[in-house]
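Right, one structure below, let's go through it.
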Amino acid sequence: MQSKYQQQWDEVINNLKEKFDSKTYEEIIEPINTVHKFEDNILYIIAPSLFHKSRIEKFFYEDFIEEILNVCKKTYDVKFIVEDEIKKNLHEQLLTQSDNLPKLFRGNLKPTYTFSNYVVGKFNRFASTTALKVAEQPGMVANPLYIFGGVGLGKTHLMQAIGNYVLDDSKDAKVLYIKTEKFIEEFVTSIRTSNKSLFSKKFDDIDVFLIDDIQFLSKAEESQIEFFKIFEELHNKNKQIVVTSDRKPSELKNMMDRLTSRFEWGVLVDITAPDLQNRIDIIKKKILSENINEEFITKEAINYIAKVFVNSVRELEGALKRVIFYCAMGNIDCSLEVAKEALETIVPEKNIKSINMNDITERVCAYYNLSREQLMSTIRKKEIAYPRHIAMYLMREMLDAPFKKIAYYFGGRDHSSVIYAVDKIKLNIQVDKDLQKAIAELKEINFDS
Ligand code: ADP
Ligand code: MG
């Protein structure tokens, strides 16, 4: 018979299928399928080769830990070993190596989900500044804090950042993070096994209650009633409650009114999709936090990834991980070509498009901190007119757009003004170093050139 740990591990591996694209899964995750032993709360897993082992540890360790927690409901550490090591009994060597791994146990909070690892931009600024205030003064500023937004945009990360911050601030604080599905599951089990008081006790003396993906509470009527009770008790005691959801409270279906109205009492903050510059910043931050030398990846490759993966931060991260792994396998640096190659099978078809006038506008606005309205206006102030001329120049240069088309795009002005603007920028580039740099940076976005 298979051991309990082997069965659990099989489930971990199987669940990870959803997290990765099929190629990554088959090449990297699936082969790590054998449990060697379980000892001192550590699962020892056999890796096919030393190379595989080192890659797995570097890039996928956290994914395994997270999934082990999901499956086993406990935090086990995991170590990867290769068969040779078992034979030679290099136990000690393994132990010292493992000291270099990140420290991961912090209740069920992921230690890397911190504010310092969280990239802030227009898309999440209000949410993240409010979250930080909440973390600094739990129960005092926004209670409940209700964070909503689409999949993979950083809700769980932000929520756990609050928890991690509170724990950094005070070791004794009790932070409880729970996914709504788990809350329901535990509650239902507690009724079945007549252990309800034990279940409620869990929430008795916590200081910060983080409940993730509350939309799953819809329809679960009994659980809603229980949740409401817990909510009221904690709220009355001024304990901080943080809720995440994929939608606003008013859009939650099949949810008790008194519950949605409680959510409305608090502060609602939303996270939207990151724009191009945000996505570039996120990639750069991830590279830094992986301790990877910046020179490993070219700007063009970063721009390419940011241009193509637009829907969520999770998607963006997945793509970057894949690229890094691909390069590590081949022991090569990451140029634009290599990034394209690595991502070939997972790039969303519709996103392989070349740059257009709107992209250039968006980019120039972001670069000069102007709104689209300002750039498109007829205001002649230099701070606005100059970037406008640069945008016209780039449209000509990068898209080979006819002057008339550019003139039409900018509100139907006379096309001779566009010719004048483009010529002026061309001349200035020759003498103005700052302008040269700006143009170079703005152009880099065109990954197809
Ligand atoms: P959600 O809960 O909204 O579905 P997550 O919080 O799970 O999204 O985020 C998905 C992934 O993207 C996580 O690995 C998270 O660390 C990362 N992420 C999301 N937003 C940011 C951000 N602003 N800066 C850095 N990483 C982020
Ligand atoms: Mg989430």
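Remember, it's 1-based here, ligands and their atoms both numbered in the order they're listed.
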Ranked by distance from atom 24 (N) of ligand 1, the top protein heavy atom is V119 N, 2.8 Å

of all protein heavy atoms, closest to atom 11 (C) of ligand 1 is E317 OE1, 3.3 Å

Within a 6.0 Å radius of atom CG on N369, are there more than 12 heavy atoms belonging to other residues, nucleotides or ligands? no

Without swapping roles, check the side chain of S190 against the backbone of F199 for a donor-acceptor pair under 3.5 Å. no

Tightest non-hydrogen contact, residues Y118 and L153, listed as OH-O, 4.0 Å

Nearest non-hydrogen protein atom to atom 18 (N) of ligand 1, with distance, is V313 CG1, 3.1 Å

re atom 8 (O) of ligand 1, the protein heavy-atom contact at minimum distance is G154 N, 3.0 Å

G152 to ligand 1, any heavy atom closer than 4.0 Å: yes

If you scan protein heavy atoms around atom 7 (O) of ligand 1, the nearest is R314 NH2, 2.8 Å

**Request:** Check whether any heavy atom of G121 sits under 4.0 Å from an atom of ligand 1.
**Result:** no

One finds that the ligand 1 atoms under 4.0 Å from a non-hydrogen atom of G150 are 3 (O)

For Y177 and L109 the tightest heavy-atom approach is CB-CD2, 3.7 Å

among protein heavy atoms, the one nearest atom 26 (N) of ligand 1 is K286 NZ, 2.8 Å

Taking R247 for its side chain and G149 for its backbone only, find out whether a donor-acceptor pair lies under 3.5 Å.
no

Atom 15 (C) of ligand 1 has as its nearest protein heavy atom H157 ND1, 3.4 Å

Exercise. Looking at the Mg ion (ligand 2), is one of the N, O or S atoms of T244 less than 2.8 Å from it?
Worked result: no

Can you confirm whether more than 12 heavy atoms, excluding those of E185, are under 6.0 Å from its CD atom? yes

Query raised in the report: Okay, side chain of Q240, backbone of G139: is any donor-acceptor separation there less than 3.5 Å?
Result: yes

Atom 25 (C) of ligand 1 sits nearest the protein heavy atom N117 O, 3.3 Å

* Does the pair E67/K19 count as a salt bridge with the N-to-O cut at 4.0 Å? -> no

**Report entry** Close N or O approach (I282, ligand 1; < 3.5 Å)
**Finding:** no

Check: Y118 N/O within less than 3.5 Å of ligand 1 N/O: no

Check: Got a donor-acceptor contact below 3.5 angstrom from the N124 side chain to the G154 backbone?
Finding: no

